[in-house]
Amino acid sequence: MPEFALAAVSALDGYSQDFDGAVLREVTDLEIVSVAVPIAGQKKLAAKIKSAYGCAVPKPTTTTQSKDGLVRLVSTQADQFLLLFDTATPDGGDKVAAQLNTAGYITDQTDNWAVLRLSGPNSRTALERICPVDLHPDVFALNASARTHMEHLGVLVIRTEADAFLLLSARSSAKSFLHAVVVSVKNVT
Amino acid sequence: MRCSGLRILTEGLTGNKGWKPVWRQPNPKPSYDVIIVGGGGHGLATAHYLAKVFGVKNVAVLEKGWLGSGNVGRNTTIVRSNYLLPGNTPFYEFSMTLWEGLEQDLNYNVMMSQRGILNLCHNDVQRDAYARRGNAMLLAGADAKLLDRDAVRDLCPFLDFDTARFPITGGLLQPRAGTARHDAVAWGYARSADSHGVDIIQNCEVTGFKMENGQCVGVDTTRGPIKAGKVGVSVAGSSSRVMTQAGLRLPIESHVLQAFVTEGLKPTLPGVVTFGAGHLYISQSDKGGLVFGGDLDKYNSYAQRGNLPVVEHVAEDIMAMIPALSRARLLRMWGGVMDMSMDGSPFIDKTPIDGLYFNGGWCYGGFKATPAAGYCFAHLLAKDEPHTTASQFRLDRFLRGNIIDEKGAGAQPNQH
Amino acid sequence: MIINHPLLGPRDADEFVHLGDAGLINRPDGLAEGAIEAFHDYLYLRDNPAGLYRELWYHEQGDRSWLVVTRDTTTHEISKVELARDVARSQRRGQ
Amino acid sequence: MTQDFRIDGGLVDRKQTLKFSFNGRDMYGYAGDTLASALLANGQRLVARSFKYHRPRGIFSAGSEEPNALVHLGQGARLEPNTRATVTELFDGLHASSQNHRGSLEHDFMAVNDRLSQFLSAGFYYKTFMWPKSFWEKVYEPVIRASAGLGKLSMQPDPDTYDKGFLHCDILIIGAGPAGLAAALASGHAGARVILADEDFLLGGRLNSDTQSIGEQSGAHWAQDSLAELASMSNVRILRRSTVYGAFDHGIYGILERKTDHLADGGGKPRHVLWRVYSKRAILCAGATERSIAFANNDRPGIMLSGAVRSYANRWGVAAGKKVAVFTNNDSGWQTAADLSAMGISISAVIDTRDIVAPMAISGAALVMGGRIKDTRGRKALDAITLTSGLTVPVDCLAVSGGWSPNVQLTCHQRGRPQWNDAIAAFVPGGELPKGLTVAGAASGQMTLAAALKSGRKTAGQALVDLGFKYTSAPALKASDEAFSVTPFWHVSGSKRAWVDLQNDVTTKDIKQAQREGFQSVEHLKRYTTMGMATDQGKTANVLGLAVMAEATGQSIPQTGTTIFRPPYSPVALGAFGGRAVGNEFRPTRLTPSHKWATECGAVFTETGAWMRAQWFVRAGETHWRESVDREVRDTRASVGICDVSTLGKIDIQGRDAAAFLNKVYANGFARLAVGKVRYGIMLREDGLCYDDGTTARLSETHYVMTTTTANAGLVYQRLEFARQCLWPDMDVHVISVTDGWAQYAVAGPNARKLLQKIVDPEHDIATEAFGFMACGDVTVCGGTAARLFRISFSGELAYEIAVPTRYGDGLIRALMSAGREFDVTAYGVEALSVMRIEKGHPVGSELTGQTTALELGMDRMVSKTKDSIGSALSQRSELQRDDGRRLVGLIPVDTSDTLTAGAHFLDIGAAAKMENDLGWMTSVAHSPTLGHSIGLGFVKLGHIRHGDVIRAWDGVRGTDIKVEITSPHFYDPKGGLQRA
């Protein structure tokens with residue numbers, strides 16, 4: 001039995017708040033793993049992904065989901081994408097590595113990010129105040145994703161439902177990001 | 001025709017009917033001793049000093065548009081000599097001394113107003129960098145004061161001392177710095193050059209250089225060919241455009257810098273203040289408008305206009321520095337084309353082509369340099385050797401590695 | 001300004017960082033004879049055209065792509081946007 | 001005060017009476033009033049003073065072009081200078097007061113300027129105030145500055161907030177007058193995403209000010225019905241009180257929406273929202289602005305634009321006067337006479353400059369065709385006009401129409417250059433319009449209602465077709481279509497002053513003088529006389545001034561030039577452009593994993609870039625920061641200290657070619673770095689100067705983790721992406737930032753290993769034999785938590801950096817501190833970190849300024865000459881390789897009680913404080929508790945061969961001049977034995 005034990009803390013202490021027509025929550029326990037595509041290794045990796053998750057490698061601006069719906073793949077860069085999935089244990093990188101072994105270059109990104117979920121009828125009007133990307137459903141459809149900036153902070157935004165968005169931003173500035181989103185919601189509700 | 005209070009009195013009493021044109025509208029002669037390409041501040045100042053100081057009077061200034069239509073009429077009018085590097089400091093201090101006597105030299109009130117420039121710092125490293133700069137200024141004969149937070153507060157109580165994201169810890173003050181009425185500088189130099197016999201020819205665009213066995217002997221223009229003993233090019237943002245006609249590639253990119261002015265307000269700012277946690281310089285004109293600017297738009301451009309991101313960034317800096325300006329209204333925004341050099345410092349030099357001389361690469365610092373740039377370029381044109389204060393501004397300095405990089409940003413013009 | 005990203009579609013230029021002339025892709029050989037002169041021309045001298053200009057932009061607040069944008073410096077009109085990596089590769093094959 | 005000038009009719013809500021005050025006097029108006037209409041209704045003629053001559057001025061227009069009626073709105077911190085009464089929506093409790101006068105508005109001492117006007121003509125200040133020299137700053141300028149300017153700011157922080165936003169649409173329609181509404185209806189029906197923006201609070205434009213009808217309806221009713229229909233469409237967004245202030249590149253437009261200015265209480269919501277609109281097409285339907293005619297004393301209160309007089313009657317139910325005359329050169333003046341007369345307002349005369357048959361009869365009015373106004377009377381309010389015929393007509397209001405100028409402003413914001421159109425005697429949009437922008441209605445020169453409706457629909461149709469929407473044309477609406485006729489007439493010549501630019505007091509005399517002095521090009525004219533430079537940007541003045549100059553030079557107006565406009569269309573509060581960036585919200589804040597813990601431990605924080613870092617930790621009894629910092633250094637060197645170094649940039653680098661790649665981006669060799677080892681590297685820019693340094697660890701054959709300085713993390717990442725995508729596109733190498741993913745702590749000091757052995761799980765051997773200096777590897781800590789251990793030292797002690805996933809960062813710092821208790825562990829901040837690195841002579845930002853070479857830093861041996869890496873070639877340029885250049889050295893005060901200061905320059909003993917004698921400068925200083933005195937690092941000319949020499953550290957701006965000895969920069973354990981222990 002080790003003398004010292006380490007407790008995990010989330011970026012925003014599990015923030016959760018209901019507003020008029022909008023709900024804002026921190027998403028914890030979401031593992032985030034990046035996979036980089038080796039040069040001339042696209043085919044091999046695509047096959048691995050297919051066999052491991054039963055879905056395709058996401059094209060830019062899109063996300064795909066594993067057959068069991070538990071893993072979401074998000075395109076982040078021409079030769080790189082993220083895997084998002086819930087887990088209780090902090091070993092997302094190893095889990096993915098076990099599936100892909102050397103087909104892709106894997107980096108556990110979980111602790112780089114703070115994750116917010118903004119949902120409700122006012123969520124889009126709130127994001128209108130900080131998000132330069134067009135989130136109109138005709139343009140930014142279900143499962144669409146975009147990497148952009150809001151209030152000087154890099155953000156990865158994903159539409160997970162008609163009225164719900166997943167917002168990923170850097171963990172060290174999570175409090176500033178939360179503040180930016182909260183102010184936006186308050187300004188429109 | 002001399003300007004004076006008496007003159008204004010007599011003219012006023014006679015219905016202001018006696019005022020004569022400030023400069024003639026001559027047609028180009030077939031030949032001149034020296035042709036200056038570019039009727040902006042630098043070109044007109046060069047002509048003034050050539051004629052008045054160096055006795056070269058058979059001079060023409062060729063301007064493609066209207067006199068003063070370039071950066072001399074588009075800048076934020078700041079005059080200062082708070083430079084760091086030995087290649088720069090003596091030159092800008094020389095310019096400052098010329099500014100201080102300019103009204104009398106030109107017999108024209110350019111409203112040179114030495115109300116000081118204050119560079120704010122927000123941490124110890126920045127303060128020490130300003131100390132290094134201030135000391136370099138003193139060593140070069142300029143004036144500089146390092147202020148602590150309280151001294152800054154006494155000078156500018158309206159700054160955000162209480163809630164700032166980047167607290168103000170002090171600043172570097174150059175009391176002799178200030179502002180001048182930019183258009184009047186162009187008009188004053190033009191008026192004086194004209195009175196010394198210089199032909200100022202507007203709406204006359206240079207379309208090519210006349211070469212004879214490798215030597216430049218004149219120019220082709222939209223108003224016909226003109227011969228010249230020497231041709232000096234002083235065209236700021238158009239430098240590459242013009243010099244490419246002589247087959248020269250320059251270590252220069254043209255970038256747009258925006259400037260802004262608010263509605264007229266009763267006096268609020270003492271002098272020029274610059275923000276150390278962003279990029280902003282702001283002052284108040286004699287007419288009451290707050291005049292300010294910040295970063296380049298950062299992309300190459302020959303359009304004299306910018307875009308929204310920089311406008312908003314500059315305004316954010318204002319709100320962070322002086323929240324009390326929030327309800328002042330932006331009246332007008334415009335852009336100028338900057339001849340951004342590769343190290344942020346200028347060139348006053350002969351070109352590889354005999355008879356062809358170049359003055360440019362002034363980045364956003366051309367206005368304050370106007371008198372000394374004119375003087376030193378005139379010196380080079382008249383004597384064929386650089387003026388001591390401008391001896392480092394050579395075109396070949398990058399090949400030798402003699403870089404004059406005040407910011408340490410490297411060979412990327414939009415970072416200077 | 002808006003840059004029509006070849007992978008992502010139209011994006012505000014505010015998301016990008018501008019570097020400079022697309023010629024910066026053609027880096028000389030640092031070990032070759034006359035490397036200093038070659039690098040001097042490569043790094044310091046510019047055509048700086050008033051008109052069509054090929055320039056490098058970096059999508060810092062996006063997918064981190066480097067792009068080669070063809071833009072008119074007098075009108076700001078953008079006529080072409082390519083992935084810099086594709087341009088670099090095709091130029092190498094060209095060499 | 002009663003509303004003596006309120007008449008029947010209008011679109012105000014008489015059930016809602018609103019109380020407001022002007023210069024302290026209570027007045028009443030109705031919902032739907034502007035401050036201007038309410039002031040007129042209350043008979044307040046004198047509302048302002050002019051800029052230069054302080055002439056009495058009244059309300060001139062009914063819109064954002066207003067040059068005269070600028071007021072101080074609100075009180076205290078909400079005081080708003082230069083606010084146009086004509087666009088200020090009235091609300092209950094509104095406070096307004098006049099500005100720019102000394103003494104009262106009625107008795108302004110500055111009005112003396114008006115008597116001296118002949119000495120204050122155009123450009124007078126350029127010609128005097130030069131003697132004696134010193135008087136400019138001391139005497140003349142202060143006087144000029146004090147009298148210049150218009151309103152004043154409260155100079156208190158703004159209690160209101162501002163916000164921004166981003167909107168996207170297929171078609172942006174600018175202006176909701178007849179053309180704009182027609183365009184919006186067509187676009188909305190076609191299913192396009194439409195934004196309809198108008199600066200007014202009541203949409204409809206002139207439809208609300210005129211009596212023309214559309215179909216069977218009044219224009220105003222048609223407008224309201226159309227708006228109701230548009231509001232019912234989910235694809236149409238209507239923005240009221242929203243000014244499209246600028247047209248920017250690629251279809252981006254700026255809109256200022258005023259959210260709460262019209263409310264007595266904003267309810268804490270943002271006052272303004274600044275929208276950035278991304279449009280595929282835009283249609284400018286901004287209408288036209290009426291202009292005046294120049295004649296003697298044409299600036300008195302009561303002299304107004306004819307269309308404005310009509311607006312006040314029709315829209316606001318206010319009579320601008322009780323005895324009104326009209327002076328016009330076109331048909332719209334007659335419309336004013338007819339409308340007012342129909343409302344029972346007595347029209348004394350209609351003076352038309354045209355020699356034509358009177359188009360209509362106006363009961364009780366003298367109709368003077370081909371007439372001219374010679375002069376006017378009435379100091380603080382108009383009481384009579386005199387015609388050249390000698391006829392004098394007593395009036396309290398003169399409605400002037402010099403024709404209409406299309407609002408082309410937005411078409412000029414890029415490359416547009418308006419063209420002169422003789423038919424309407426005005427400039428219409430011309431040249432290269434902003435791409436995607438088309439113009440409809442009066443803004444395009446369509447001066448009749450029917451034509452405006454038609455062109456609005458037609459223009460929208462074209463845009464819809466371009467965008468691939470189905471557009472079905474509808475039957476034209478029935479509306480008045482009588483031709484609009486105007487005959488140019490600009491000014492009545494005479495010896496008295498006739499105003500062109502009312503706000504800046506520019507008269508026809510000034511323009512003629514400018515012409516005499518050679519300021520004839522339109523830009524010179526504007527700059528010399530300041531015409532068009534006032535807050536109204538010359539909306540009512542520019543064309544008139546141009547015409548006067550054209551006449552003076554004997555040229556046509558187009559020959560004289562055209563006036564173009566810059567953004568914004570009308571002035572925008574800086575706060576709106578600033579958005580939320582006030583105080584601490586200016587920029588985001590980054591917090592380290594140990595932030596919460598550090599706060600509990602009395603840390604004093606400092607900003608380093610976006611980060612907040614612990615500067616030092618105050619313990620009980622410590623009263624001066626030096627006590628804390630000295631203790632932290634001493635305890636670390638004596639036993640062990642811990643510092644959060646998570647802010648260093650961390651970049652995960654993977655790929656088959658990762659090794660070759662690193663060999664390219666670092667100046668020193670990395671090809672042969674073994675797995676499990678760390679190496680220090682320096683990075684050059686391509687110009688050969690140093691810009692960053694750090695360590696890179698090899699975790700596996702294909703996997704490295706690089707650290708960068710805190711400041712350059714983003715820049716290095718960008719350069720790496722550039723290198724792999726643009727320079728070596730076929731290398732298999734991939735980079736991703738992991739800066740935020742790892743909590744990393746330096747554990748330094750003789751007992752560092754002992755402490756870590758209590759944290760690192762026993763199966764990992766970190767004894768020096770197994771885990772020597774510059775080793776790295778994966779370990780687990782505290783019973784299985786994955787971690788990375790690096791044996792690197794910045795302090796010079798036996799030291800490690802241990803990293804765990806950020807979520808465990810708080811836990812690990814607490815664990816380390818309790819595990820270290822038996823060693824009297826100390827936490828240390830960036831100040832102690834800096835002291836120890838100076839004692840070791842490690843360069844940081846103060847030395848790596850981007851202006852220094854490896855040679856100057858004493859690291860030239862690290863720059864490999866045998867490989868081609870970034871910067872290697874140009875680092876060899878002659879001036880960068882001078883052996884008589886500066887070198888990094890250490891500096892010690894000869895009198896060790898002296899305190900060194902960074903920024904001091906070095907001079908030889910006895911050398912004068914002149915640039916020629918400048919040897920270099922002090923880059924960093926510290927008090928070394930280890931050595932017991934002040935130490936410094938600096939660059940000294942030939943410093944490498946001057947160790948032992950004594951020179952001066954001269955700090956003129958701080959007033960010190962200290963003798964210092966040049967030493968090696970390595971003050972502490974120069975052989976580096978300790979860190980290898």
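Hydrogens, waters and symmetry mates are skipped; everything else that's a heavy atom, side chains included, is used. Convention: sequence-line order gives letters A, B, ...; per-chain numbering from 1.
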J.: Is there a side-chain contact between D/Thr589 and A/His179 (heavy atoms, below 4.5 Å)?
T.: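 Not in contact.
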J.: Say you draw a straight line from CG of D/Asn584 to OG of A/Ser176; how long is it, rounded to the nearest 0.5 Å?
T.: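 Rounded to the nearest 0.5 Å, the CG-OG separation comes out at 7.5 Å.
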J.: For residues D/His734 and A/Val37, report the shortest heavy-atom separation together with the two atoms involved.
T.: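 Result for this residue pair: CE1-O, 2.8 Å.
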J.: Check whether any side-chain heavy atom of A/His136 sits under 4.5 Å from a side-chain heavy atom of D/His168, and report yes or no.
T.: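 The answer is no; the side chains never approach within 4.5 Å.
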J.: Need one label for D/Trp742: side chain, backbone, both or neither, based on atoms under 4.5 Å from any heavy atom in chain A.
T.: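 No part of it gets close to chain A.
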J.: Is a side-chain N or O of D/Lys269 found less than 3.5 angstrom from the main chain of A/Thr189, in a donor-acceptor match?
T.: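 Side chain of D/Lys269 to backbone of A/Thr189, a donor-acceptor pair under 3.5 Å: yes, one is there.
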J.: Looking only at heavy atoms and a cut-off of under 4.5 Å, which of D/Val273, D/Thr161, D/Val781, D/Thr739 has the most pairs with chain A?
T.: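 Counting heavy-atom pairs under 4.5 Å, the top option is D/Val273.
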J.: Can a donor-acceptor pair be found, under 3.5 Å and without considering hydrogens, that links the side chain of A/Asp111 to the backbone of D/Arg807?
T.: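 It does hold such a pair.
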J.: Which answer fits D/Lys596, side chain, backbone, both or neither, if we ask what part of it has an atom under 4.5 Å from a heavy atom of chain A?
T.: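 Nothing of D/Lys596, per the 4.5 Å heavy-atom cut-off to chain A.
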J.: Which answer fits A/Val139, side chain, backbone, both or neither, if we ask what part of it has an atom under 4.5 Å from a heavy atom of chain D?
T.: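 A/Val139 touches chain D through side-chain heavy atoms alone.
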J.: Look up atom CD1 in D/Ile736 and atom CG in A/Leu82, then write down how far apart they are to the nearest 0.5 Å.
T.: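 The distance works out to 6.5 Å.
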J.: Given side chains that start at C-beta, do those of D/Arg656 and A/Pro38 come closer than 4.5 Å, heavy atoms only?
T.: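 D/Arg656 reaches A/Pro38 side chain to side chain.
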J.: Is any side-chain heavy atom of D/Trp275 closer than 4.5 Å to one of A/Glu128?
T.: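 Side-chain contact under 4.5 Å: yes.
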J.: Answer with side chain, backbone, both or neither: which region of D/Val735 has an atom nearer than 4.5 Å to a non-hydrogen atom of chain A?
T.: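 Contact with chain A is through the backbone of D/Val735 alone.
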J.: Against A/Tyr105, only a single residue in D/Asp732, D/Val733, D/Ile653 fulfils side-chain contact (heavy atoms from CB on, under 4.5 Å); can you say which?
T.: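 So the option named by the test is D/Asp732.
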J.: Pick from D/Gly165, D/Cys782, D/Gly655, D/Ala786: which one has the most heavy-atom pairs with chain A under 4.5 Å?
T.: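 Maximum pair count with chain A is reached by D/Cys782.
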J.: Tell me, side chain or backbone of D/Leu167 under 4.5 Å from chain A's heavy atoms, or both, or neither?
T.: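 Only the side chain of D/Leu167 comes within 4.5 Å of chain A.
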J.: Strictly distance-based, threshold 3.5 Å: is any side-chain N or O of D/Gln654 a donor or acceptor partner for the main-chain N or O of A/Ile106?
T.: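 The answer is yes, because a donor-acceptor pair under 3.5 Å joins these two groups.
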J.: Sort D/Asp657 into side chain, backbone, both or neither according to what part of it lies under 4.5 angstrom from a heavy atom of chain A.
T.: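 Contact with chain A involves no heavy atom of D/Asp657 at all.
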J.: Indicate whether any N or O donor in one side chain lies under 3.5 Å from an N or O acceptor in the other, for D/Arg580 and A/Ser184.
T.: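 On atom types as modelled, these side chains qualify, holding a pair under 3.5 Å.
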J.: If you count heavy-atom pairs under 4.5 Å between each of D/Arg724, D/Arg276, D/Met731 and chain A, which one has the most?
T.: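 Most heavy-atom pairs within the cutoff with chain A belong to D/Arg724.
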J.: Can any side-chain N or O of A/Gln109 pair as donor or acceptor with the backbone N or O of D/Ser737 at less than 3.5 Å?
T.: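 Yes: the side chain of A/Gln109 pairs with the backbone of D/Ser737.
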J.: So which residue, D/Ser818, D/Gly811, D/Pro805, D/Gly783, ends up with the most heavy-atom pairs under 4.5 Å with chain A?
T.: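 Highest number of heavy-atom pairs under 4.5 Å: D/Pro805.
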J.: I'd like to check D/Val738 versus A/Asn112 (side-chain heavy atoms, cut-off strictly below 4.5 Å). Are they in contact?
T.: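 Yes, side chains in contact.
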J.: Counting C-beta onward and ignoring hydrogens, is there a side-chain heavy-atom pair between A/Ser172 and D/His595 closer than 4.5 Å?
T.: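 No - every pair of side-chain heavy atoms lies 4.5 Å or more apart.
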J.: What part of A/Ala180 lies closer than 4.5 angstrom to a heavy atom of chain D: side chain, backbone, both or neither?
T.: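 Both backbone and side chain.
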J.: Which heavy atom in A/Asn187 sits nearest to a heavy atom in D/Asp163, and how many Å separate them?
T.: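 Taking A/Asn187 first and D/Asp163 second, the nearest heavy atoms are ND2-OD2, 2.8 Å.
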J.: Relative to chain D, which segment of A/Ala8 carries a heavy atom at a distance below 4.5 Å: side chain, backbone, both, or neither?
T.: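 Both parts, backbone and side chain.
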J.: Do you know which of A/Ala36, A/Ala7, A/Pro132, A/Ser173 has the most heavy-atom pairs with chain D at a distance under 4.5 angstrom?
T.: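 Between A/Ala36, A/Ala7, A/Pro132, A/Ser173, the count favours A/Pro132.
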J.: Work out which heavy atom in A/Phe4 is nearest to a heavy atom in D/Ile759; give both atom names and the distance.
T.: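 Distance-wise, the nearest heavy atoms are CD1-CD1, 3.7 Å.
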J.: With a 4.5 angstrom heavy-atom cut-off, could you sort out which part of D/Ala581 is near chain A: side chain, backbone, both or neither?
T.: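 Neither; nothing under 4.5 Å.
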J.: To the nearest 0.5 Å, what is the distance between CZ (D/Arg590) and CG (A/Leu153)?
T.: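 Output value for this atom pair is 9.5 Å.
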J.: Are A/Asp134 and D/Arg193 close enough that some pair of their side-chain heavy atoms sits under 4.5 Å apart?
T.: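 Yes, their side chains come closer than 4.5 Å.
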J.: Identify which part of A/Thr107 has an atom lying under 4.5 Å from any heavy atom of chain D, answering side chain, backbone, both or neither.
T.: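 It is both, since atoms from each part get that close.
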J.: Tell me whether A/Arg171 contacts the main-chain N or O of D/Pro593 through its side chain, where contact means a donor paired with an acceptor under 3.5 Å.
T.: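 Absent.
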